[in-house]
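Here's the structure, in structure tokens; my notes come after.
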Amino acid sequence: MAKPRKTIITCAVTGAIHTPSMSEYLPVTPAEIAEAAIGAAEAGAAVIHLHARNPQDGRPDQTPEAFEPFLRVIKQRSDCVVNITTGGAPTMSIEERVRPAATWKPEVASLNMGTMNFGLFPMLARFEGKLRHEWERDYLANRDIVFRNTFGDIEHILTTLGANGTRFEFECYDSAHLYNLKHFFDAGLVKGPLFIQTVFGLMGGIGAHPEDVMHMKRTADRLFGDNYRWSVLGAGKNQMAVAAMAAAMGGHVRVGLEDSLWNGPGRLARTNAEQVTRARQIIEGLGLEIATPDEAREILALKG
Ligand SMILES: C[C@H](N)CC(=O)CC(=O)O
Ligand SMILES: [Zn+2]
């Protein structure tokens, strides 16, 4: 009897897209981020994707010091795979964005595979009346956000962090980003298995229709064959549908309040663990098993 395939659940616990006034359940302080990460790991997430925030007003904070308090607690209480963002907030400089991962040398760091328009403004209408902080309104109303990830920026992050043995969660928001990754793969600047996180339904990137999911998978299969491990994240209301489609096709899944505030239509997720549990139910419902952190390390060939 063939061993059931293992599915890696990644949980992105707070991010830099959503803002505190949107949901009282969005982790902001180091203690809240640590609790959210450990809760998500206990619920079944093998990989935890981390951003930091200013504890007072929840503004994205990409200083290495802001990460230290929760990284220490997570390391003490969990064997989960730590994945530190290099995306930060799309309004930050590359130097600012790469600093935390360069300082803390995690097993995994995110790496965004192309420059793109980054549309947060569609959320403004929905949360306009609830926004407590001036920075939230300015941030969400900004229609000119360019999320910069040039070939030079990507190579800089690859070489800076690669030197520490850190491997990458390659964020691909459109098929062009898969071709950008292919360029670095052919140039020998990245080694397989590639952990490719295909992002669906974020304004400025590809949509979240099943055809979009199939298009990204077919393109990745053609470009990388079995030199990659496919994972998906669906933004907002698309989160669980995209996760279910991918899991059924052998893909890994990412959930968490960075990507969606919801746990079912119109119901705010009270914890990241709630979303991990919902994804786990879908995966186990398909007769699959979730991967432990060590199984994820093996599947992704991490330094451990
Ligand atoms: C859509 C997600 N925000 C992708 C992400 O997590 C980017 C990063 O942190 O580098
Ligand atoms: Zn992120």
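For ligands, and for the atoms within them, numbers begin at 1 and follow the listed sequence. Only heavy atoms go into these numbers, but all of them, side chains included; no hydrogens, no water, no symmetry mates.
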> Once rounded to 10°, what is the value of the angle centred on the Zn ion (ligand 2) between H51 NE2 and H49 NE2?
Replying inline: 100°

> When the ring planes of F151 and F184 are compared, do they come out parallel, tilted or perpendicular, using 30° and 60° as the limits?
Replying inline: tilted

> Taking heavy atoms and a distance under 4.0 Å, where does L202 meet ligand 1: side chain, backbone, both or neither?
Replying inline: side chain

> Applying a 4.0 Å heavy-atom criterion (strictly less than), which segment of H49 is in contact with ligand 1: side chain, backbone, both, or neither?
Replying inline: side chain

Can you find a side-chain donor-acceptor pair between [X] and [Y] that sits under 3.5 Å?
X    : Y    : result
S231 : Q197 : yes
T292 : D294 : no
N263 : E274 : yes
Q239 : D259 : no
N272 : Y25  : no

Show which atoms of ligand 1 fall inside a sub-4.0 Å distance from at least one heavy-atom site of [X].
X    : answer
I17  : 3 (N)
S110 : 8 (C), 9 (O), 10 (O)
T85  : 8 (C), 9 (O), 10 (O)
H51  : 9 (O)
G87  : 8 (C), 10 (O)

> Can a salt bridge be assigned to the pair R254 and E171 using a cut-off of 4.0 Å between side-chain N and carboxylate O?
Replying inline: yes

Are any of the N/O atoms on [X], whether in the backbone or the side chain, positioned under 3.5 angstrom from an N/O atom of ligand 1?
X    : result
G88  : no
Y173 : no
D259 : no

>> The test is salt bridge (Lys or Arg N to Asp or Glu O under 4.0 Å); show your working for D221 and R218 and say whether it passes.
In response: CA-CA 5 Å; D221 285 348; R218 273 196 293 262; over 6 Å; no

> When you measure from atom 5 (C) of ligand 1 to every protein heavy atom, which one gives the shortest distance, and what is it?
Replying inline: E258 OE2, 3.4 Å

> What is the nearest protein non-hydrogen atom to atom 7 (C) of ligand 1, stated with its residue, atom name and distance?
Replying inline: N112 OD1, 3.4 Å

>> My understanding is that only one of H51, E32, R53 makes a side chain to side chain donor-acceptor pair (under 3.5 Å) with T14; could you say which?
In response: R53

> So E107 and R167, salt bridge (Lys or Arg N to Asp or Glu O under 4.0 Å) or not? Walk me through it.
Replying inline: CA-CA 6 Å; E107 291 181 270; R167 290 177 55 75; over 6 Å; no

>> Within the structure, is a non-hydrogen atom of H18 found at a distance of less than 4.0 Å from ligand 1?
In response: no

> atom 2 (C) of ligand 1: which of Q197, R254, E171, E169 has the nearest heavy atom?
Replying inline: R254

>> For N/O/S atoms only: which one belongs to E258 and is nearest the Zn ion (ligand 2)?
In response: OE2

